[in-house]
Amino acid sequence: MKRNTYLTLLPPEEARANWFSCLDAKAFALGEERIPLAQALRRVLSRPVAALRSSPAFHGAAMDGIAVHAEDTFTASARTPLRLKIGEQAHWINTGHPLPLGCNAVVMMENINTETEKDSQGESQWAVIEKAAFPWQHVRKMGEDMVATEIILPPGTCIGPYDLGALAAGGALEVPVFRRPRVSIIPSGSEIVPLVDAREEDLRAGRVLPEFNSLIFSAMITEAGGEAATLPVVPDDPEAIRAAIVSAIATADMVILNAGSSAGSHDFTAHVLGQMGTVVTHGISVMPGKPTVLAVVNGKPVVGVPGYPVSAGISMEEFVLPLLALWQKRAMSERQKITAVPCNPLPSRPGMEERLRVKLGCVGDTVVAVPLPRGAGTITSLSRADGIIRIPRDSEGCNAGEPVTVELLRPATALAGALLAIGSHDNTLDLLDSMLRKAHPQFRLTSAHVGSLGGIMALKRGQCHLAGSHLLDPASGVYNRKAIEDNLEEPTVLLRLVDREQGILTAPGNPLGINSIEDLAKPGVRFINRQRGSGTRVLLDYRLSRLGIAHTSINGYRDEEYTHMNVAAAVLSGRVDAGLAVRAAANALGLPFTPIGVEEYDLVIPCRFFDGDAVQALLDVIRSKAFRQTVEGMGGYGTEKTGQIIWEYAGKQGVE
């Protein structure tokens, strides 16, 4: 079948408006049901709910003390205390109890003295007060909270815990709510298999892909008040797709068809939907998310969602969630927005709005944004992201340090305890974050991988709290100190995190017999390098120089990855034959490893941050026995000096 072309590339708001206008009016009539209050949490009211009774239903005491008729106490003062006979002029009362007939005020227990007298009729108790009460003092008046027939909650309210209490207080023990919108999800693709059927050997061989987008969609739909149903996977066959849509649309209010919406020769979504109904939009001017298809079949909405999870998530947020909100007559909640400055330039292609996922950290008074991978298939770029930057379609991007608006994916309060580490990647950083959160839940370690030199330059610009570095000075053979002296001006602490073994990773069985740096220059060997500025790249260049090997003789020298684990994944996948990384990465993926040396991986921490609570909490974890033992178990690490201050740099002012 020939390839599709995108018929439209509309901004999402225009595409959404066009789609909504084409829907049958019946598609917006969900209907309602009455449910017990105990089952109403997060359901949406379909009509206003009025109080069936007043709350409180009587005049009640708001304090412990005595109930009185306020006018009887007006003569009381410190000079002329007033005596009130208990049982006649005053009545003991507890908080919440109804006032006795004729009473309209309560005197607090703390302001009462008592006296007891004996007479011919027995003992009498008197309350002595030195201050007058005023009418309705310390009294919850009938209807103070709500009066019978008063509207408690309007339609469109998503019922929360406090709403449940208000409804209960007003006697509304059953409430009218919208029926949950039913959304059917159809995963498609001949290579797609359900998660439970995905075998490791098939995944590694690239024969199948695990289907997990429906899990994400179902959670989003449930959070939005809908009811999701995931149908069986259908192959890339137009008739099978058509049959699945016909079946789903018979019972669902909306259908989501996942994958097959792009422009490939096996992407049939737009073609099939065009035959069954009306394709309103094929393609939106947002990256990721461009291949979205919006259609109407039998008066009902159908969405063709891209297969890549990040693209799919944006499509869901732009089209599915707003429709669910519209059905339930409620407003979409907006994310909190803050201003941040990117640590790197953020170039973008004009003509397409781009949604960039970023990590955030508060460095001094500035929120710094670190971009995450832009790939539409990197679901971790969303799970790890703190926020989203929208780059307008008429922009070529943002400059480093230029203030931008960020939509938060986490509460702003979470940013206050985030330590931002920019620099060289190491697997122990993720371990540190996990152990820090467990031991000190108010803090977390957010790391971004730009290479050792990139981290030190970020410190120089004041864009992070610390940097991971293993920069070797070829002249002295000493790690990190020369780079710090050359680039940083403020006093800085160099703290040893780990000694780690670097080496060559090769394919299982090492079929090409790659056992040394020299072997990387063999004909037919495909190599994967680390990015410029990384300590691993510096180490490789140092070794090549010592051996007299030109980097141009290595096939793949200019091909770069940003983490040790990505190097290992490239080797395991067969994309390359070898790469340079730490032993822990080789161990994690079961790859052969040829050591070439042990290096020092340190944390570079400005003194102005070192004594702060967050860094001290991080040091507690680094110096703990549990951290050292876990790191040693990963293989290829030495922890003899872990947590030690290796060097204290006085800064430029300390250099003569």
Side-chain angles (χ1 to χ4, degrees), residues 343-345 359 370-373 400 420-430 432 446-461 463-464 466-475 477-484 486-488 494 496-505 517 520 526-546 549 551-552 554 556-571 575-576 578-586 588 591 593 595-604 636-637:
C343 68
N344 299 329
K359 288 186 175 184
V370 182
L372 286 160
L420 184 56
I422 299 179
S424 172
H425 168 258
D426 189 80
N427 292 359
T428 57
L429 294 177
D430 291 334
L432 260 183
T446 296
S447 57
H449 316 308
V450 299
S452 297
L453 184 58
I456 289 176
M457 298 309 293
L459 280 176
K460 181 178 182 178
R461 296 189 296 267
Q463 294 176 335
C464 59
L466 63 154
S469 180
H470 58 112
L471 281 172
L472 175 67
D473 175 26
V478 176
Y479 280 88
N480 296 319
R481 299 189 188 191
K482 182 71 164 54
I484 292 172
D486 287 348
N487 295 288
L488 298 184
L494 190 65
R496 178 62 43 80
L497 185 60
V498 289
D499 295 308
R500 63 185 193 178
E501 204 172 5
Q502 285 265 29
I504 301 170
L505 282 61
I517 295 291
L520 298 178
R526 297 166 301 164
F527 179 70
I528 187 72
N529 207 350
R530 289 292 305 282
Q531 80 276 21
R532 284 172 290 180
S534 70
T536 302
R537 176 91 162 236
V538 171
L539 176 62
L540 174 65
D541 291 344
Y542 173 69
R543 290 300 184 92
L544 291 175
S545 176
R546 293 287 297 270
I549 300 174
H551 64 77
T552 53
I554 297 178
Y557 177 87
R558 297 189 183 281
D559 295 335
E560 301 177 349
E561 285 290 357
Y562 279 76
T563 72
H564 294 276
M565 291 305 295
N566 283 349
V567 168
V571 174
R575 179 160 65 95
V576 296
L580 203 61
V582 295
R583 182 184 286 274
L591 295 173
F593 180 82
I596 64 169
V598 175
E599 64 176 9
E600 300 167 5
Y601 183 88
D602 298 325
L603 297 181
V604 184
Y637 288 112

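A quick note: this is a predicted structure, and the numbers were derived from the prediction, not measured.
For the pair Arg526 (side chain) and Arg575 (backbone), a donor-acceptor distance under 3.5 Å is present. Formation of a donor-acceptor pair under 3.5 Å by the Arg543 side chain with backbone atoms of Ile596 is found in this model. Checking side-chain atoms of Asp473 against main-chain N and O of Tyr479 turns up no donor-acceptor pair under 3.5 Å. The backbone N or O of Leu372 lies less than 3.5 Å from no partner atom in the side chain of Lys359, so there is not a single donor-acceptor pair.
In this structure the side chain of Leu520 never reaches within 4.5 angstrom of the side chain of Ile549, judged on heavy atoms. Contact annotation: the side chain of Asp559 never approaches that of Val576 to less than 4.5 Å [non-hydrogen atoms, C-beta and beyond]. Taking the side chain as every heavy atom from C-beta outward, Ile504 and Ile517 approach each other to under 4.5 Å.
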| message | I'd like to know whether Asn487 forms a side-chain contact (heavy atoms from CB on, under 4.5 Å) with Leu453, so could you lay out the CA-CA distance, the side-chain angles of the two residues, the decisive distance to 0.1 Å, and finally the verdict. | response | CA-CA 9 Å; Asn487 295 288; Leu453 184 58; 4.1 Å; yes
Exercise for the section: Please assess Asn529 against Ile554 for the test side-chain contact (heavy atoms from CB on, under 4.5 Å), listing each intermediate value before the final yes or no. Expected result: CA-CA 10 Å; Asn529 207 350; Ile554 297 178; over 6 Å; no
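Taking CD of Glu561 as the reference point, atom NE2 of His425 lies at 11.5 Å (rounded to 0.5 Å). Between Glu599 atom CD and Glu501 atom CD the span is 10.5 Å, to the nearest 0.5 Å. Here Leu539 contributes atom CG and Leu544 contributes atom CG; the two are 9.5 Å apart, rounded to the nearest 0.5 Å. The CZ atom of Phe527 sits 10.0 Å away from the CG atom of Leu505 when rounded to the nearest 0.5 Å. Residue Asn344 holds its CG atom at 11.5 Å from CE of Met457, rounded to the nearest 0.5 Å. The structure places CG of Leu429 at 8.0 Å from OG of Ser424, a figure rounded to the nearest 0.5 Å.
Remark: His449 pairs with no residue by the side-chain hydrogen bond (donor to acceptor under 3.5 Å, both in side chains) rule, at least two apart or across chains. For Phe593, the ring-ring contact (aromatic ring centres under 6.0 Å, His included) criterion is met by no residue, not counting sequence neighbours.
Shown here for Leu472 and Val538, the closest heavy-atom pair between the two residues is O-CG1, 3.6 Å. A pairwise comparison of heavy atoms in Ser469 and Ile456 identifies OG-CD1, 3.8 Å as the closest pair. Between Asp426 and Val582, the shortest heavy-atom distance links the atoms OD1-CG1, 4.4 Å. Nearest heavy atom pair, residue Gly455 against residue Val450, reads N-CG2, 3.7 Å. Here the closest non-hydrogen pair linking Arg500 and Thr536 is NH2-OG1, 4.3 Å. Across every non-hydrogen atom of Pro474 and Tyr542, the tightest pair is CB-CD1, 3.6 Å.
Judged by distance alone, the side chains of Arg530 and His564 do bring a donor and an acceptor atom under 3.5 Å apart.
Pairs of residues two or more places apart, or lying in two chains, that qualify as salt bridge (charged side-chain N to carboxylate O under 4.0 Å, His left out) and include a residue from residues 531-542 are Arg532-Glu560, Arg537-Glu560.
Around the CZ atom of Arg558, the shell of radius 6.0 Å holds no more than 12 heavy atoms that belong to other residues, nucleotides or ligands.
The one candidate from Val498, Leu497, Leu494 that meets the side chain to side chain contact (heavy atoms under 4.5 Å, CB included) condition with Asp602 is Leu494.
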